[in-house]
Amino acid sequence: MQDQDIISVTTEIVGDIALVCVDNPPVNALSVHVRRGIQDAVAEINAAQSAKVIVLYAAGRTFIAGADITEFGKPPMPPALPDLLNEMEQSKIPVVCVLHGTALGGGLEVALASHARVGIKGLRIGLPEVLIGLLPGAGGTQRVPRLAGIPVALDMSLSGRQVAAKEALGMGLLDALEDGEPRDVALRAGQDALDGKIKTRRTDLIDTTPDDAALEEARKMVARKFPNLVSPQRCIEAIAASTGPISEGLKIERKAFMDCLDTPQRAGLIHAFFGERAVANIPEKKATPRDINAVGVIGGGTMGSGIATSALMSGLSVTLVEVKEDALERGIATITKNLEGGVKRGKLSADQRDQMLAQLTGATDLAALSDVDLVIEAVFEQMEIKKEIFTKLDAVCKKGAILASNTSYLDINEIAAQTSRPEDVIGLHFFSPAHIMKLLEIVVGEKTAPEVVASGFALAKRLKKIGVRAGVCDGFIGNRILGHYSKTASYLVLDGATPQQVDDALEAFGFAMGPHKVGDLAGLDIGWMTRKRKAATRSAEERYAGAVADRICENGWYGRKTGRGYYVYDEGDMHPNPEVAKIIDEERAEAGVTPRSFTDEEIVDRYMTAMISEAARVVEDGIALRPVDVDVVFLSGYGFPRFRGGPLHYADTIGAKELVRRIETYAKEDAHYWQVPEILRKMAETGKSFDDINKGG
Ligand code: 3H9
C-alpha cells in the first residue's frame, strides 16, 4: 500500500456534531495520509452539510506531535500542510480542536488554524521546530502573534519549550481546559460550541499588535546565543511580518521554512533527533531488564555524589559508601548541595528534595550493600583498587545484583574476572556533573549477560539519560576518540598556531569552548597525570603532544582553579597567559620547529579529520555499534555542536574521498599519527557513507 492510501483519519457524525479523529501511532505525526484525511473530512462535511460543528481530536497517547519529520528531504506530497490549514480556516462549518498529550509544531498549527481550542488537563503545547533547524512553517509565526501577541510567539518559537496547559490558557492559545478522554471531551466541546459556550472565530481575521521592542530584543538575544544558527533569525523575520496581511506573512514564513529545510543544519539536527532514539536499538533489546530500586554508590567524590544525586532524583534509594566518616560526610554534603541547586533552578520543590534526602543512607562498610539491586563503583581510576572492591562486592552482594564500574577507560573484563559472576558486571560510564550530563556509556564486557545490558539501558531511561552501548577498549567510545584528536590541538600549537587561535577557530565552528579553555576548566593536572601514567607505554615513533602542557603544569598552573593555565583568570576577565607564549617559543626551539601560520579553516580541518579518523576506527573495531552511536556520544557528552549532527554525520558532508586525501597529505608530516583507517579507505573506494552503514549497508 502507498503511504497516501493509509486510512488514519475517520469521521463519526453524532447529531449535529462531526467528530474527526486522527489515529496515526505512535505520535499522530502529520504524514501525507493524515493531511489528506483531514482535508477530505472537512471538505466532505462542508459539502454534505452533515453537521453544524466539526471537532478534531486524536486517538492514542497524544494529539499531533508535528509534521512527519521522516518526510523532510523527500519530494513534496500534497496537500502541503500550510495549504491544508488555510483551507480549514476557511471552512464554513466551524472547527473546534481538542488537544491532549503534546501538541507540537505542525500539531499546534492545526489547532491555531481551527476556530477554537480546548485543552485536556496534562496537555503541553510547543513550537519545537527551531530545535530541528526549522521554524513553524504552517502558520505558527502568523497565528500565535494574532492570538497571544508577538512576545509569546518569540518566546515559544525561539526556545522550543513546552508550555503547560494552564499557561497556554492564560496566553490565549486555549479557549478552555477540560478533563476526560479525548472523544468524550470532543463531544462536550462540540455541544458547547453549538450552545455558544465556546466562541468560534477565525484567527486570520485578528490583527497582530506591533511590538518592535520585543523583536529587537529577540534579534540581539539570537545574535548572542545562537550566532551559528540560521533558523532562529528567519523565525524572527517571519514573526515580524505578522503585523501585515496574513497572506503576505504566510509567504514570508513559507520561504524562510523552505530555505531552512535545505540547510545542512536542519539535516544535522534531525540526525541528532533520530540518533538519540536509534541508540536504544541494541542486540539485547528483547532481554528483560532486572528490577532496580535500591542502588549502592561507592565513592563520594564529585562523580560518585553526582551519580547518587541522579539516582535520587529518579526516585531510587541510594546507599553511599566511603572509606572514612569525614569523606562520607563530604559526599552527603555534595549530594545535598546538588539537590539544593535543583530547588534553586526550579527543577525540584523543597518537599521533593527532602523526600529524596530521606532515601539516602551513608555507610563506611561495603557490607551495607548486601541488599541493593545495583552497585556503581566510582572510586579512583586504579585497577588494583577496583579489583579489591569487586572481590569484596562479589562476597557481599545478593545474587542477581548488578555490579557496575564507572571507570572511564579501564578494562571491564579484567574487573569482571575478579568476581565469580562476570555476567553481572558492566561498565556504566557517567559524565561529570553526573546529575546534569545526559550521556551514559554502557560498557558491555565479554561475559555481561543480555539482561544486565538491558538493565543498563532501562536505568539510563529512568535517569533521563541517553544510554549508548560501547565495547571494551581503553577509553571506550568517547575518551578513546578524545585521547587521539586532542593531540591535534597540541601539534597545531607546537607548529605555529596560538592556543587562542585554535580555540577561536573551533568555537566559530560551533564548539561552546575551544580545547584549551576546556582543559583550563577541567584542570590541566588531569591530563598531566594521564600522560605520566602512560609515559612508559608511549611509542618511540609518537610525536610527544604534551610538552607545552607539562611545562604549564610544572609551574603549578592547572587552569581556572589556580587562576592560570593557557589563560589568566582575573575577576571575571580572561586573557591569554603571556608566560605560555614564552613556553611555546622555547618548546618550538627545543624541537627545532620553525613556526608557520595556519588559517582557521586548516585548524578546523585537521582537528575534525583527526576526530573522524579515530571515530571511524571505533566503528571498525566494533566498539560502537554504528556511526550514529559515536555521534550521539559526542553530542550528549562532549559538547559537539548539535547542528553539525556529530563527527560522523559531519564526515559524510565532507566525503570519505576527501578525508582520505587530507589524511594522506598530513601524513607527509607525521606518518605515525596520520593513518588512513581501513574502513574509510573502503568507503572512499565504494562511495559508501557513514549513514549507509547506519542503515545497515
Ligand atoms: C513541524 O511540525 C514543522 C511544521 O511547523 C511545518 C510543516 C510544514 N515525525 O520521542 P519518542 C517518532 S516539525 C516522525 O521516543 P516520547 C520517534 O522517532 C516537527 N516521527 O516518544 C519515535 O520513533 P521510534 C515538530 C516522530 O513519548 C516515536 O515517534 N515536532 C515524530 O518520548 C516515539 O517518539 C517535533 O519536533 C515526528 N514529528 O516523546 C516533535 N516525533 O519509536 C518531535 C516522534 O521508531 N517529537 N516521532 O524510535 C517529540 O518531541 C517527541 O517524540 C514527543 C514524544 C514529545 C512527541
Side-chain angles (χ1 to χ4, degrees), residues 3 8 22 24-35 38 58 60-74 76-86 88 99-113 122-144 153 156-157 159-164 231 234-235 238-239 250-251 253-262 265-267 269-282 285 438 457 460-462 464-467 628 632 642 694-695:
D3 268 6
S8 53
V22 175
N24 184 29
V27 295
N28 287 316
L30 285 158
S31 316
V32 58
H33 46 89
V34 175
R35 300 196 298 276
I38 296 176
R61 59 173 152 139
T62 180
F63 187 69
I64 300 165
D68 184 342
I69 305 177
T70 59
E71 283 183 9
F72 294 156
K74 293 186 188 158
M77 287 178 279
L81 188 62
D83 300 338
L84 162 65
L85 297 190
N86 292 341
M88 197 175 85
L99 314 167
H100 75 287
T102 38
L104 302 177
L108 179 58
E109 289 172 308
V110 169
L112 297 169
L123 166 75
R124 301 179 78 82
I125 63 167
L127 294 170
E129 288 89 341
V130 77
L131 306 178
I132 50 172
L134 294 169
L135 60 142
T141 66
Q142 304 304 304
R143 293 190 178 99
V144 174
M156 285 181 66
S157 58
S159 69
R161 78 182 173 98
Q162 291 185 8
V163 173
S231 78
R234 302 300 302 270
C235 185
I239 292 173
L250 286 172
K251 265 189 219 153
E253 178 195 78
R254 187 82 190 139
K255 166 91 174 67
F257 182 84
M258 295 312 281
D259 289 350
C260 288
L261 205 55
D262 266 347
Q265 299 193 349
R266 189 276 303 162
L269 288 163
I270 289 188
H271 175 74
F273 176 86
F274 283 121
E276 284 170 354
R277 287 153 180 83
V279 290
N281 195 1
I282 50 162
K285 72 173 176 216
K438 283 262 173 238
F457 276 81
K461 201 165 183 188
R462 173 131 193 209
K464 299 201 173 65
K465 297 196 185 294
I466 302 170
V628 69
V632 172
R642 195 173 166 88
N694 283 328
K695 290 179 180 139

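Computation of the quantities below employed the complete heavy-atom set of this structure, encompassing side-chain atoms and omitting hydrogens, waters and symmetry-equivalent molecules. Ligands are counted one by one from 1 in listed order, and the atoms in each one are counted from 1 as well. Throughout, numbering of the chain's residues begins at 1 and tracks the sequence. Treat the numbers as computed from the prediction; the structure is a model and nothing was measured.
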| query | Does some side-chain heavy atom of Val628 sit less than 4.5 Å from a side-chain heavy atom of Phe274? | reply |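 Not touching, per the 4.5 Å side-chain cut-off.
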| Test item: Glu129 and Arg266 side chains (from C-beta on) under 4.5 Å apart, heavy atoms |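 SC-SC contact between Glu129 and Arg266 ruled out.
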| field | Electrostatic pair Glu71:Arg35 at N-O distance under 4.0 angstrom | value |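 Counted as a salt bridge, because a side-chain N and a carboxylate O are separated by less than 4.0 Å.
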| Sorted by chain and number, the residues that approach ligand 1 to under 4.0 Å with a heavy atom |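 Correct list: Pro26, Val27, Ala29, Arg61, Ala65, Gly66, Ala67, Asp68, Ile69, Thr102, Leu104, Gly105, Gly106, Glu109, Pro128, Glu129, Ile132, Pro136, Gly137, Ala138, Phe257, Phe273, Phe274, Arg277.
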| query | Under 3.5 Å, side chain of Glu276 to main-chain N/O of Val632, donor-acceptor pair present? | reply |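 Side chain of Glu276 to backbone of Val632: no pair is present.
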| Minimum-distance pair of heavy atoms, taken over all atoms of Ser231 and Gly133 |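 Closest approach of Ser231 to Gly133: CB-O, 3.4 Å.
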| query | Do you see a donor-acceptor pair shorter than 3.5 Å between the side chains of Asp68 and Ser31? | reply |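 Judged by distance alone, the side chains do pair up.
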